[in-house]
Number of protein chains: 2
Amino acid sequence: MARRKPDPTDPGTRPTLKRLALAVGVHASTVSRALDPQRSTVVAPAVVARVRAAAERMGYRPDPVARSLRTRRSHLIGVLVPDIANPVFSPIIGGIAEALAQADYALVVADGGTDGNRQSDMAERLIAQRIDGLILATASRRDDLVERCRARGLPVVLVNRASDDARLAAIVSDDAGGMALVVAHLAALGHRRIGHLAGPAAISTGYLRRSGFEAALSAHGLENDPRRIEAASAYTRAAGAAAAEALLARCPEITAIAAANDLLALGALEAVRARGLLCPGDISVTGHNDMPHVDLVDPPLTTVRIEHREMGQRAARAVLAAIDAKDAAAPAAQTVKLAPTLVVRASSGAPRDLNA
Amino acid sequence: MARRKPDPTDPGTRPTLKRLALAVGVHASTVSRALDPQRSTVVAPAVVARVRAAAERMGYRPDPVARSLRTRRSHLIGVLVPDIANPVFSPIIGGIAEALAQADYALVVADGGTDGNRQSDMAERLIAQRIDGLILATASRRDDLVERCRARGLPVVLVNRASDDARLAAIVSDDAGGMALVVAHLAALGHRRIGHLAGPAAISTGYLRRSGFEAALSAHGLENDPRRIEAASAYTRAAGAAAAEALLARCPEITAIAAANDLLALGALEAVRARGLLCPGDISVTGHNDMPHVDLVDPPLTTVRIEHREMGQRAARAVLAAIDAKDAAAPAAQTVKLAPTLVVRASSGAPRDLNA
DNA sequence: CAAGTGTCTGCAATCGATTGCAGTATGACC
DNA sequence: GGTCATACTGCAATCGATTGCAGACACTTG
């Protein structure tokens with residue numbers, strides 16, 4: 001039979017503030033103040049010492065639930081990703097986790113999938129958990145989920161993908177710049193007819209990499225034929241293979257395919273092989289992201305490296321800053337563009353017409 | 001100037017139980033009961049309907065923090081992984097997240113690294129967050145962290161890696177069985193001198209796959225020479241490459257390397273190539289895990305497929321069951337072994353002596 | 001010696017929900 | 001018409017911490 005009314009003097013259970021106070025012989029409020037570095041100045045040094053010693057001895061840990069209830073701070077940050085199993089998001093989450101741990105925040109992860117409704121639902125749940133801030137890796141270019149969070153005053157930071165609304169803090173890679181690197185590289189190799197495997201236009205990376213690609217073509221004086229651009233329905237290998245197949249069938253004259261993403265590029269490699277073509281002998285293929293182990297595929301993939309881990313760390317710091325700023329009523333939303341670098345491997349080479 | 005005492009009748013802020021009660025004209029406790037399907041039977045149906053309608057209209061969501069404080073349930077499950085960025089853990093986490101979401105639980109992820117102290121520290125933080133259960137993907141074979149959690153009465157489930165203590169619930173793959181599949185495959189191809197790239201012996205997967213390998217050799221009447229086993233210092237490509245290099249230098253007679261893990265196998269491929277050997281012409285290489293995209297490396301990797309996503313789902317269901325069981329005082333710790341399957345690709349072939 | 005000034009500490013309310021217990025109304029039944 | 005079971009509903013305590021306010025005490029100063 002469990003006792004009805006747990007006795008605060010009873011040891012054996014996890015010590016509470018009240019028990020600690022009883023042990024030291026002061027009031028709970030004094031203990032609370034003594035344990036908080038900020039407020040401990042108003043408590044007599046001798047008392048602070050006794051309280052701290054007792055807390056140490058009894059192994060007191062304040063209950064975060066009770067504290068949250070009172071302070072309205074959960075020290076929890078929510079992260080919504082479209083697909084946890086996507087290798088691109090792993091290092092981002094890792095970076096976030098690392099930066100948050102340093103600030104004594106914990107990370108609640110939710111997998112929202114690619115379906116907008118489910119994403120909203122998961123976000124609602126995260127918010128219901130009273131998270132202090134939200135990091136979204138799911139944002140589409142016009143995202144009302146983002147808008148709703150902002151309206152509620154919840155600090156939100158986008159990561160990897162941006163929204164069209166520039167008022168929102170976002171940590172992204174310079175997508176257009178990355179494509180410029182790719183096109184410059186291919187052009188330098190001698191390619192003049194380059195195809196593009198675009199990502200979904202509703203996602204900033206898909207849109208920006210495509211427009212970056214087109215701008216770079218012009219910058220290099222290359223023809224920008226819209227027929228040479230094929231958009232994949234999703235960022236998956238299968239979608240990449242299908243789109244590449246279509247592209248190769250329609251425009252057999254192209255000598256290179258610049259994909260918007262490594263997964264699409266891997267799919268493109270499959271399509272190239274399926275057509276009996278060689279990469280890079282017949283067709284060069286490039287990716288974007290430098291996912292782990294794409295250096296080991298056949299052929300090793302030329303791609304654009306993005307520092308995903310750093311991206312995650314920055315995003316975490318940005319939410320924390322936004323939370324502080326909210327207290328100080330000094331909002332400072334800002335988009336940070338990280339500079340990507342080109343990683344040249346064996347999937348890109350001279351065009352076949354130069355080989356002849 | 002913010003008002004001192006927030007008025008519970010004030011709309012505009014998130015509705016609370018009290019506001020809802022006020023709106024409906026009943027006491028808060030009645031609302032609480034009406035909203036809980038379990039207890040709503042004791043409330044007049046008409047009232048239940050009115051309360052539900054009002055809750056819907058005002059968009060009432062109970063505050064999980066306040067509820068947790070009272071019920072001592074956070075509806076949070078902690079997951080500790082050694083490395084979020086490791087592609088093997090992504091699908092596990094995905095599976096966990098999926099299963100938990102269905103049960104209205106959320107997922108707190110922490111990256112504990114491979115350092116035992118840091119792992120303990122992160123686990124402590126998770127526990128301090130008042131998680132209801134813990135899923136550990138970090139367990140070493142003798143792990144006092146696990147023991148401490150058990151001692152506190154916190155439901156713990158191990159995933160992917162088991163501890164030697166069979167009293168603990170663990171969802172793992174049949175590691176020995178997986179190696180048996182590999183050895184059978186290689187033996188059928190004609191290999192008689194097979195090397196093993198073992199994982200860390202302190203981790204169950206490393207230990208069990210090694211002993212499974214040795215047992216399988218004996219079962220096939222093949223010589224089990226301990227010199228042909230080289231343990232990698234960690235589950236990384238670099239460690240795999242180093243260990244494979246040592247193994248190849250010491251035992252040039254082997255015609256195949258069965259690695260304990262895909263990352264080690266990828267490292268082995270690098271070492272093979274570095275020695276100017278061909279895979280599978282000179283040396284067959286096999287992995288374990290069937291990580292995403294190992295079908296695209298050069299050569300496509302023969303490996304053992306583990307259903308990581310299902311493993312995660314099962315682990316999640318197991319913690320939830322353990323939580324319920326704790327209430328019912330009916331502990332039911334159990335180790336579940338999932339059956340792996342062999343995936344034959346191009347990195348394994350006939351031994352070179354048969355080619356001659 | 002009275003008044004004033006700090007310095008510390010305690011009181012009690014509060015965050016938002018849950019729940020054992022007690023009270024009230026309703027209807028049934030004799 | 002009175003008694004009693006039954007069905008609802010309200011009261012108030014509780015979870016464990018934080019915090020505005022005020023009281024207590026010592027010490028300085030005019």
Side-chain angles (χ1 to χ4, degrees), chain A residues 1-10 13-51 55 58 60-75 128-130, chain B residues 1-10 13-51 55 58 60-75 128-130:
Chain A
M1 194 67 56
R3 61 188 168 295
R4 291 281 117 182
K5 187 185 265 258
D7 181 353
T9 63
D10 169 29
T13 61
R14 203 163 170 273
T16 69
L17 193 70
K18 197 175 286 184
R19 266 239 323 276
L20 186 52
L22 222 56
V24 180
V26 295
H27 193 264
S29 60
T30 302
V31 174
S32 173
R33 286 186 275 252
L35 256 28
D36 178 357
Q38 302 292 316
R39 310 182 162 278
S40 63
T41 54
V42 302
V43 178
V47 176
V48 171
R50 269 165 53 217
V51 170
M58 300 172 63
Y60 169 74
R61 308 275 293 171
D63 182 335
V65 173
R67 169 178 286 171
S68 303
L69 181 58
R70 183 63 225 248
T71 62
R72 330 234 55 162
R73 281 255 129 61
S74 64
H75 268 230
Q129 287 284 347
R130 278 209 177 287
Chain B
M1 196 65 56
R3 62 188 168 292
R4 291 281 118 184
K5 187 187 266 257
D7 180 354
T9 63
D10 169 29
T13 60
R14 201 163 172 274
T16 68
L17 193 66
K18 196 174 286 183
R19 267 240 320 277
L20 188 51
L22 224 54
V24 180
V26 296
H27 192 265
S29 60
T30 302
V31 175
S32 172
R33 286 186 276 251
L35 257 27
D36 178 358
Q38 302 292 316
R39 309 179 165 280
S40 62
T41 54
V42 303
V43 177
V47 177
V48 171
R50 269 165 52 219
V51 169
M58 300 172 64
Y60 170 74
R61 308 275 294 174
D63 183 335
V65 173
R67 169 179 286 171
S68 299
L69 180 58
R70 183 65 226 246
T71 63
R72 330 236 54 162
R73 280 255 132 61
S74 64
H75 269 229
Q129 288 282 350
R130 277 210 177 286

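Chain letters run A, B, ... following the sequence lines, proteins first and then strands; every chain starts at 1.
In this model, the phosphate group of dT18(D) is approached by a side-chain N or O of Arg67(A) to a distance below 4.0 Å at OP1 or OP2. OP1 or OP2 of dG10(C) lies within a sub-4.0 Å distance of a side-chain N or O belonging to Thr30(A). OP1 or OP2 of dT18(D) has at least one side-chain nitrogen or oxygen of Ser32(A) nearer than 4.0 Å. Distances shorter than 4.0 Å separate some side-chain N or O of Tyr60(A) from OP1 or OP2 on dA17(D). The shortest distance between the side-chain N/O atoms of Thr16(A) and the OP1/OP2 oxygens of dG16(D) is not below 4.0 Å.
Nearest nucleotide to the side chain of Pro62(B), out of dG16(D), dG10(D), dA17(C): dA17(C).
Remark: P of dT14(D) and CG of Asp63(A) are 17 Å apart, rounded to the nearest angstrom.
Below the 3.5 angstrom threshold, one finds no donor paired with an acceptor across the side chain of Arg70(A) and the base of dG16(C). Put simply, the side chain of Arg130(B) and the base of dG16(D) share no donor and acceptor less than 3.5 Å apart.
In this structure, Val65(A) reaches neither bases nor backbone, as no heavy-atom distance under 4.0 Å exists between it and the strands shown. Thr71(A) comes within contact range of the sugar-phosphate backbone alone, with a heavy-atom separation under 4.0 Å but no base atom that close.
Mapped onto DNA chain D by nearest heavy atom, Val43(B) and Arg72(B) fall at different nucleotides, with Val43(B) at the one closer to the 5' end.
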